[in-house]
Amino acid sequence: MISIIYMLLATAMFFLQDTYFVVAGMELSLKNPCGLAILFLALINLIATVRLDRLFLLIRHTAVQALPFLIPLVFSAVIWVSTRADSATVVNGVSMIFPQLLSVLVASATLYLFGEKGIWYCLGAMCAANFISVLVVIYTGGLGSFLQEFYTLIVTFSRETGPLMAQLETHDLTFAFGPFLMYLLLHWKTSPHPRLWLMLVSFFFLVGLKRIAFPALALGVVAALLLRQLPQKAARQTAMCAAVAMMAVSFLYIAGIHNGLFEYLEAHGLDTKGRIRLFANVAPYYEISFTYTGLGTGFERMVEWMSGAVQAVPLRTQTQIHNDFLRMYLNIGFFGYWVWLWSWLPARLGYWFRQGGKDGGCLFLGICVYCFVLYATDNTIYYPYTIVACTLIPMACGFDVQAKDALARRCAQWSGREEREAGQDGAGL
């Protein structure tokens, strides 16, 4: 019964991405109530079952995975207080961070309900939601037109797309399939029915085809595979070096943009697809300096970046910056950016090597490489479905064994404490 309720809620959550309702003049997505319902389902199950092994482990996992989303909230809160930001600005910023944290909690709730098998329940719900979307498109446009447009999409590698394929271009859901593909490729032998899952996930990954997702996935898989060939200590050290390199490259990328990188690229014949104009409009709002403190999470909704027009109120429909590293730097400033990078890469990478061993650490590095490519070129940092996938997959890796070990260690600690206390009481007598 629990599995049926979860599948219905999760499928609805993944299907209702672009369905909104209005509360107090603010647009809210219907996917959020579905996510909250999954948390409530897990809470009821917790009260009924009290699986201490899963609970103890998930508390740590959730705190670590939520860290990169809490850091911007802390720095933004300081900015909002120091600048005396109005309530609309604060609500706008919090409303961007809330879905991120909710996504982390949904991933944790899934693992509490089903353990390691939760990864397949979540993936099944994603496939079901995307399949419903495909059926709706086929019903409105016809099977023949769908197949023709799908063929054109694949052959032209999304350079040409028809109206039916455009309806299925749900970026968040497409990017979310990437980490699941990575998990399947890296854990082929231990995955149930891997060929079936690979066929389904690959199809949905192609239906909403995003070109940048292919090199991102390839680089992530290659990085994880190469790292797995090294001994445990060498793999961890190499991963940490890669994390530091990614941190440095991301900052140099921001500095390069500010100093005319895209103007140089376009002058030498590269089509920047409008990014040169967009980044030119962003430039007046930040500087590469120790003293740059940021403008607070959600500021990007205050400007129509393609035109440079400043809006009186934050709007969800504004043109995106198409660079999450620049967006984060713009919002939380120089020091906030480096703290966020530390929380996103070295802090969590070290944790997963300690917690999941070489297998867990290599998998997490692969996911970080995947996200790094997306962050540099798109707007995925606030995509809730992608966050669910990137949070759930490393947590699910070896989860059941880790949970039992965590409970055993905790019981040993309690038992040892009781024996020491009993010995002290005996000595006192």
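We count residues from 1, following the sequence as given.
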Worksheet item: Is the Y121 ring parallel, tilted or perpendicular to the F114 ring (thresholds 30°, 60°)?
Response: parallel

Worksheet item: Under the 3.5 angstrom rule, does the side chain of R228 hit a backbone N or O of L186 as a donor-acceptor pair?
Response: yes

Worksheet item: Does S202 use its side chain to pair, donor to acceptor, with the backbone of M199 at less than 3.5 Å?
Response: no

Practice prompt. Heavy atoms only: give me the nearest H258-A283 pair and the separation to one decimal.
Written response: NE2-O, 3.8 Å

Worksheet, complete the sentence: Heavy-atom nearest pair, D400 first then G115, reads OD1-CA, 3.6 Å

Worksheet item: Between CZ of F175 and SG of C371, what distance do you get to the nearest 0.5 Å?
Response: 10.5 Å

Worksheet item: Between W188 and R195, is any pair of side-chain heavy atoms under 4.5 Å apart?
Response: yes

Discussion item. Is any side-chain heavy atom of H322 closer than 4.5 Å to one of N379?
Written reply: yes

Worksheet item: Which pair of non-hydrogen atoms, one from Y6 and one from T110, has the smallest distance, and what is that distance?
Response: OH-OG1, 2.8 Å

Worksheet item: With no hydrogens and no angle check, is any side-chain donor or acceptor of Q402 less than 3.5 Å from a backbone partner on C397?
Response: yes

Discussion item. Once rounded to the nearest 0.5 Å, what's the spacing between atom NZ of K358 and atom CG of L227?
Written reply: 8.5 Å

Practice prompt. Tell me whether the centres of the aromatic rings in F14 and Y385 are closer together than 6.0 Å.
Written response: yes

Item to complete: Kindly say whether L113 contributes a backbone atom to a donor-acceptor pair with the side chain of N45 at under 3.5 angstrom?
Response: no

Worksheet entry | Exercise: identify the closest heavy-atom pair between A109 and L39 | CB-CD2, 3.9 Å

Practice prompt. Calculate, to the nearest 0.5 Å, the distance between atoms CD1 and CG belonging to I321 and L278 respectively.
Written response: 7.0 Å

Worksheet item: Counting distance only, does the side-chain N/O of S95 pair as donor-acceptor with the main-chain N or O of N92 below 3.5 Å?
Response: yes

Practice prompt. May I ask you to decide if the ring planes of F334 and F251 are parallel, tilted or perpendicular, using 30° and 60° as cut-offs?
Written response: perpendicular

Worksheet entry | T238 side chain to A235 backbone, donor-acceptor under 3.5 Å | no

Worksheet item: Any donor and acceptor pair, going by atom type alone, linking the side chain of S103 with main-chain N or O of P384 inside 3.5 Å?
Response: yes

Item to complete: Using distance alone, with no hydrogens and no angle criterion, decide if T380 and Y375 have a side-chain donor and acceptor under 3.5 Å apart.
Response: no

Worksheet item: Shortest non-hydrogen contact from L392 to I119?
Response: CD2-CA, 3.9 Å

Worksheet item: Using a distance-only test with no angle check, is there a side-chain donor-acceptor pair under 3.5 angstrom linking R301 and Q311?
Response: no

Discussion item. With a 6.0 Å cut-off on the ring centroids, do F203 and F150 count as close?
Written reply: yes

Discussion item. If you apply the rule side chain to side chain donor-acceptor pair (under 3.5 Å), what do you find for S191 with Y183, and how did you get there?
Written reply: CA-CA 9 Å; S191 298; Y183 182 86; 5.2 Å; no

Discussion item. Can a donor-acceptor pair be found, under 3.5 Å and without considering hydrogens, that links the side chain of W305 to the backbone of E300?
Written reply: yes

Worksheet item: What is the ring orientation for F399 with H61, classed by angle as parallel under 30°, tilted 30 to 60°, or perpendicular over 60°?
Response: tilted

Practice prompt. For Y151, look at atom OH and say whether over 12 heavy atoms of other residues, nucleotides or ligands are found less than 6.0 Å away.
Written response: no

Worksheet item: Do you see a donor-acceptor pair shorter than 3.5 Å between the side chains of D172 and T386?
Response: yes

Item to complete: Would you tell me whether R275 and N323 have side-chain atoms, one donor and one acceptor, within less than 3.5 Å of each other?
Response: no

Practice prompt. Scan side-chain atoms only and decide if Y337 and S250 contain a donor-acceptor pair under the 3.5 Å cut-off.
Written response: yes

Worksheet item: Considering only heavy atoms from C-beta outward, does the side chain of E149 approach that of T161 to under 4.5 Å?
Response: no

Worksheet item: So, Q65 and T391: side-chain donor and acceptor under 3.5 Å apart, yes or no?
Response: no

Worksheet item: Using the benzene-type ring in the case of Trp, are the ring centres of F364 and Y351 under 6.0 Å apart?
Response: no

Practice prompt. Assert yes or no for the condition that the ring centre distance of Y329 to Y292 is strictly below 6.0 Å.
Written response: yes

Worksheet item: Does T174 reach the main-chain N or O of K210 with its side chain, forming a donor-acceptor pair under 3.5 Å?
Response: no

Discussion item. Are more than 12 heavy atoms, taken from residues, nucleotides or ligands other than E160, located less than 6.0 Å from that residue's CD atom?
Written reply: no

Worksheet item: Does one side chain, of T62 or S108, offer a donor that lies under 3.5 Å from an acceptor on the other?
Response: yes

Fill in: Validation row, ring centre W344 to ring centre W340 under 6.0 Å
yes

Worksheet item: Do F69 and F98 have side chains that get closer than 4.5 Å, going by heavy atoms?
Response: no

Item to complete: Identify the two heavy atoms, one from C127 and one from F177, that lie closest to each other, and give their separation to 0.1 Å.
Response: SG-CE2, 4.0 Å

Practice prompt. Kindly compute the distance separating CZ (R354) from CH2 (W352), expressed to the nearest 0.5 Å.
Written response: 11.0 Å

Worksheet, complete the sentence: Value for CZ (R51) from CG (L58), rounded to nearest 0.5 Å, stands at 11.0 Å

Discussion item. Has Q100 got a side-chain atom pairing as donor or acceptor with I381's backbone, closer than 3.5 angstrom?
Written reply: yes

Item to complete: Enter the distance from T11:OG1 to N130:CG here, rounded to the nearest 0.5 Å.
Response: 11.0 Å

